[in-house]
Amino acid sequence: MGEIDEMPNLVVDANIQSALADFELPTELGFGRVLVPVMYRCDYADGVWQSGHLGALEPLSISPAAKVLQYGHQVFEGLKAYKTGLNAPQLFRPEMNAQRLASSAERIDMPCVSTAHFMQAVEAVVKVCDAFIPTESGQSLYLRPYIMGTEADLGLGRSDTYTFIVLASPSEIIQKGTMKVLIERERSRVAIGGTGDVKLGSNYTAGIASARRANEQGFNQSIWLDPESRKMIEELSGMNFFAVIDGELHTPALLGSILPGITRDSIVQLAFAMGYKVVERSINIDTLLAQIGSGQCREVFACGTAAVITPISEFGEYDGTRYPLAEPEGIITAELKGALVDIQEGRAADNFGWAHPVIG
Ligand code: COI
């Protein structure tokens with residue numbers, strides 16, 4: 001569909017103050033576990049987005065036959081509001097999330113939410129959650145916008161009704177410390193021409209069983225290879241991938257099956273500005289493992305909104321073979337992470353125009 005909607009009215013529901021009255025930030029946040037008890041909701045019916053509502057977080061009432069429940073007809077985003085050392089909260093490149101949500105929606109024939117509508121919803125949630133944005137470095141308000149098809153119809157096809165929601169979760173980085181990563185050589189995540197380059201919930205569901213098998217063998221995550229040759233690195237389940245080889249930064253090229261990560265793009269631009277050579281190409285896992293063995297590749301890392309930049313300390317195979325990295329904490333990794341987080345958290349000059357303050 002992909003039509004551009006009119007900007008819906010924003011209605012602030014009367015229940016919002018009582019919803020927030022007793023809410024306090026717990027000392028342990030984790031990632032995505034704590035929800036501020038408010039939400040933005042906007043329903044789509046009769047071909048238009050209706051009024052948007054900022055109100056109390058409450059259970060949804062949808063038909064058991066809703067398309068989202070039958071066919072996973074859903075797209076989502078993840079972005080963060082930071083308040084570390086800042087007076088006003090700031091978002092990081094939110095227009096990129098708005099544009100990607102629109103591409104994801106278009107890919108599965110959903111009505112798009114315009115960038116203006118997305119920004120109105122996200123900013124309204126950030127403003128009402130201002131007092132609950134954690135302020136320690138590494139913490140933020142993780143925002144989860146999503147659109148789902150709600151029509152009650154078991155037939156396979158687009159939905160006539162949709163709901164756009166924004167949730168807010170005071171959170172920490174998803175994976176603290178370093179990660180051990182299992183090379184997933186048996187299963188595949190997505191194919192070129194499939195939906196890997198947009199953000200559908202179903203792409204992530206496809207990785208859950210592999211992640212469990214990885215966890216059972218002492219790994220934090222799996223890394224996916226291309227489905228055709230089973231040799232080229234794609235991404236982790238929810239994070240893009242970088243390797244530092246001979247002091248250069250290498251990352252899988254965007255060939256249509258991996259997510260064009262906003263953190264990935266920021267790292268490419270930052271690293272280039274910091275004087276690193278950045279190479280976007282197909283990366284053969286076996287060549288990389290040999291380079292890890294020879295010391296040519298001393299550090300690798302994963303990145304994403306939830307992960308920020310997380311060093312990978314070891315790769316492993318199902319058969320028990322392990323490939324430890326010479327720099328498990330990553331020296332260049334730490335330098336890049338410091339530069340990125342300093343912009344996100346407002347400590348460094350933002351020469352890229354990425355920070356988006358939310359005023360008022
Ligand atoms: C994000 O980084 O925002 C993601 O979408 C990853 C998610 C699986 C937690």
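Remember, it's 1-based here, ligands and their atoms both numbered in the order they're listed. The chain is numbered in sequence order, starting from 1. Just so it is clear, the values below take in all heavy atoms, side chains as well, and ignore hydrogens, waters and symmetry mates.
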Name the closest protein heavy atom to [atom], giving the residue it belongs to and the distance to 0.1 Å.
atom                   : answer
atom 7 (C) of ligand 1 : Arg144 NH2, 4.1 Å
atom 2 (O) of ligand 1 : Ala306 N, 2.8 Å
atom 6 (C) of ligand 1 : Gly238 O, 3.8 Å

Taking the six-membered ring for Trp and the single ring otherwise, decide whether the centroids of Tyr204 and Phe76 are under 6.0 Å apart. yes
Go through ligand 1 atom by atom and flag the ones less than 4.0 Å from a non-hydrogen atom of [X].
X      : answer
Tyr142 : 1 (C), 3 (O), 4 (C), 5 (O)
Lys199 : 4 (C), 5 (O)
Gly78  : 3 (O)
Tyr204 : 8 (C)

I'd like to know if [X] and [Y] make a salt bridge, using a cut-off of under 4.0 Å between side-chain N and carboxylate O.
X      : Y      : value
Arg185 : Asp319 : no
Glu345 : Lys80  : no
Glu280 : Arg264 : yes

List, one per line, each side-chain donor-acceptor pair under 3.5 Å for residues 350-360, sequence neighbours excluded.
{"from": "Asp350", "atom 1": "OD1", "to": "Phe352", "atom 2": "N", "distance (Å)": "3.3"}
{"from": "Asp350", "atom 1": "OD1", "to": "Gly353", "atom 2": "N", "distance (Å)": "3.1"}
{"from": "Asp350", "atom 1": "OD1", "to": "Trp354", "atom 2": "N", "distance (Å)": "3.1"}
{"from": "Asp350", "atom 1": "OD2", "to": "Trp354", "atom 2": "N", "distance (Å)": "2.8"}
{"from": "Asp350", "atom 1": "OD2", "to": "Ala355", "atom 2": "N", "distance (Å)": "2.7"}
{"from": "His356", "atom 1": "ND1", "to": "Glu95", "atom 2": "OE2", "distance (Å)": "3.3"}
{"from": "His356", "atom 1": "NE2", "to": "Glu123", "atom 2": "OE2", "distance (Å)": "2.6"}

Hey, mind stepping through Val181 and Asn220 against side-chain contact (heavy atoms from CB on, under 4.5 Å) and telling me if it holds? CA-CA 6 Å; Val181 170; Asn220 302 96; 6.0 Å; no
Can you find an N or O of Ser237 that's nearer than 3.5 Å to an N or O of ligand 1? no
Polar-atom distance check: Phe31 versus ligand 1, any N or O pair below 3.5 Å? no
So for Met239, does at least one of its heavy atoms come nearer than 4.0 angstrom to any atom of ligand 1? no
Determine whether the side chains of Gln175 and Thr310 contain a donor N or O and an acceptor N or O closer than 3.5 Å. no
